[in-house]
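Any value given below was found using the heavy atoms of this structure, including those in side chains, with hydrogens, waters and symmetry copies removed. In what follows, every chain begins at residue 1, and chains take the letters A, B, ... in the order their sequences are listed.
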There are 2 protein chains.
Amino acid sequence: MTTARTGAGRASPRGRRAARTAGDDRETAILATAERLLEQRAFGDISIDDLARGAGISRPTFYFYFPSKDAVLLTLLDRVTEEADAAAGDVLVRLAEDPRARWRELIQRFHETFGAHRALVLACAQVRGTNAEVRRLWAAVLERWVQAIEAAIEAERRRGAAPDGLPARDLAIALNSMNERVWYATFACDGPAVAERDVVDVLLDLWLAGIYRDTTPPPST
Amino acid sequence: MTTARTGAGRASPRGRRAARTAGDDRETAILATAERLLEQRAFGDISIDDLARGAGISRPTFYFYFPSKDAVLLTLLDRVTEEADAAAGDVLVRLAEDPRARWRELIQRFHETFGAHRALVLACAQVRGTNAEVRRLWAAVLERWVQAIEAAIEAERRRGAAPDGLPARDLAIALNSMNERVWYATFACDGPAVAERDVVDVLLDLWLAGIYRDTTPPPST
DNA sequence: ACGGCACTCGACAGGGTGTTGACTGCTGTC
DNA sequence: GACAGCAGTCAACACCCTGTCGAGTGCCGT
């Protein structure tokens, strides 16, 4: 049910000492196989057997490392969100220097991170509908980002750069939601979508309009 | 593969004459069962057997009416999008009368239509990830709406009420995408979401900001 | 009275998941 | 240097769900 496992598969960032166990390689192989196969077909069309064979083990052995197919995705998702957090860095605290440039940087970096793992991101969006675990993790990640954006908007209002208006939290939720869905469509090439090379600028424009009612918000004096 | 069927299940809006066949009731019963069950559990947790038993028939008989579980959803989705189109009506052609009021009306009516079938809408969003048929239908519906919004934005620009800026199509895509994702979160109560009673106003505010850079766009003189 | 069609379902084949229980080989211990 | 113990492995099984096939049943027009 939860991701908790005997001790093999998950966890063990507590390096201990004997981290050189052969099982480590197998686990890595499963993860790598998953990311590779995801680039070829949809998550639902990948069976546990595919994952196991790809990693050179039998299906029952797969269960020694992960409790389910979804758990593999969860582990992969965890990595990507960490990567995105790292990429975002401290951009938000330096907002006042040059708001337009900083917001663009933020959106651009998320775009690059997700774009580099689009197959995985797409798979997560799909599975989120059917898997409570993935849904929970994604909700938690999103909540963190929403709070960061909310705080940034409030700071911009406090310094007089952004006008009052919607509750900052609602604004932050709507803007994040927009990004998520727009990126999804762009990466999936599915239905009406913004061209990949324009997407950052389109999103940026709407963020600035929503937050500042202006495409060239003032830097700090 | 496609929704084409022998002649029983689908189609037959060409009333013919003998539309009073017993099979009609069965088909309706399957559809009703699906919508009812969808309010209790996720689409993936409903088996064809559940649908069949709910309609008082056996599983093989189900296949006489629909080629798959997904086809049921597709039929239901078709209805809701028609309902939404009808609810939207001619609001967009009367935009210039009072832009803020008309845009609000548009968003409000979509909100009401989707809200009345939230379980179904949620299920479609989930299945869209795994089913090409649903994905295609949704993409087609979205494309229609995007084009309508795009045309409306261009009309507002032509009459000088809205400033130039992003390509109208990109703007329309982003705004529609935002609505879709924000509604999804609100209806699913999953992760950060805007409260249901605020959602129309939040979306409206961002639409006006994106299109007019202003919360009170001018009516026609 | 009879051919045909709408409609129905028992029974099967196939493919996926998750579990059990037995087996292998290394590693540390007395 | 025998041996307990555990990481790691898999054949075989039980189960559930899907989709199909073929053999019905009852009604309708002719």
Novice: Could you tell me whether the side chain of A/Phe66 reaches within less than 4.5 Å of the side chain of A/Leu31, counting heavy atoms only?
Specialist: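 Yes, at least one pair of side-chain atoms sits under 4.5 Å.
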Novice: Decide side chain to side chain donor-acceptor pair (under 3.5 Å) for B/Asp85 and B/Trp145; before the verdict, give the C-alpha distance in whole Å, the side-chain angles of both, and the deciding distance to 0.1 Å.
Specialist: CA-CA 9 Å; B/Asp85 277 335; B/Trp145 292 340; 2.7 Å; yes
Novice: Detail all sub-3.5 Å separations between protein N/O atoms and N/O atoms belonging to nucleotides 22-26 of chain D.
Specialist:
none

Novice: Quick one: label B/Ser47 by what it contacts on the DNA or RNA (base, sugar-phosphate, nothing), any heavy atom closer than 4.0 Å.
Specialist: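 Since only primed, P, OP1 and OP2 atoms lie under 4.0 Å of B/Ser47, the category is sugar-phosphate.
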Novice: Quick one: is B/Tyr63 getting a side-chain N or O under 4.0 Å of the C/dC7 phosphate, OP1 or OP2?
Specialist: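 No, because none of the side-chain N or O atoms of B/Tyr63 sits under 4.0 Å from OP1 or OP2 of C/dC7.
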Novice: Only one of A/Glu196, A/Glu35, A/Glu112 forms a salt bridge (charged side-chain N to carboxylate O under 4.0 Å, His left out) with A/Arg118, so which one is it?
Specialist: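 One option only clears the test, and that one is A/Glu196.
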Novice: Could you run down the sub-3.5 Å N/O contacts of the protein with nucleotides 13-16 of chain D?
Specialist:
none

Novice: Please step through side-chain contact (heavy atoms from CB on, under 4.5 Å) for the pair A/Glu83 and A/His117, ending with a clear verdict.
Specialist: CA-CA 10 Å; A/Glu83 196 180 324; A/His117 302 277; 3.0 Å; yes
Novice: Taking the inter-plane angle between the rings of B/Trp183 and B/Phe114 on a 0 to 90° scale, is it parallel (under 30°), tilted (30 to 60°) or perpendicular (over 60°)?
Specialist: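 Perpendicular: the ring planes of B/Trp183 and B/Phe114 meet at over 60°.
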Novice: For C/dC7 and B/Thr61 - does any side-chain N or O of the residue sit under 4.0 Å from the phosphate oxygens OP1/OP2?
Specialist: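 For C/dC7, neither OP1 nor OP2 has a side-chain N or O of B/Thr61 closer than 4.0 Å.
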Novice: Just jot down the ring-ring contact (aromatic ring centres under 6.0 Å, His included) partners of B/Tyr184, sequence neighbours excluded, or say none.
Specialist: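 ring-ring contact (aromatic ring centres under 6.0 Å, His included) check on B/Tyr184 returns nothing, list empty.
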Novice: Hey, is the side chain of B/Tyr65 poking within less than 4.0 Å of OP1 or OP2 on C/dA6, counting only N and O atoms?
Specialist: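 Indeed not, no polar side-chain atom of B/Tyr65 lies that close.
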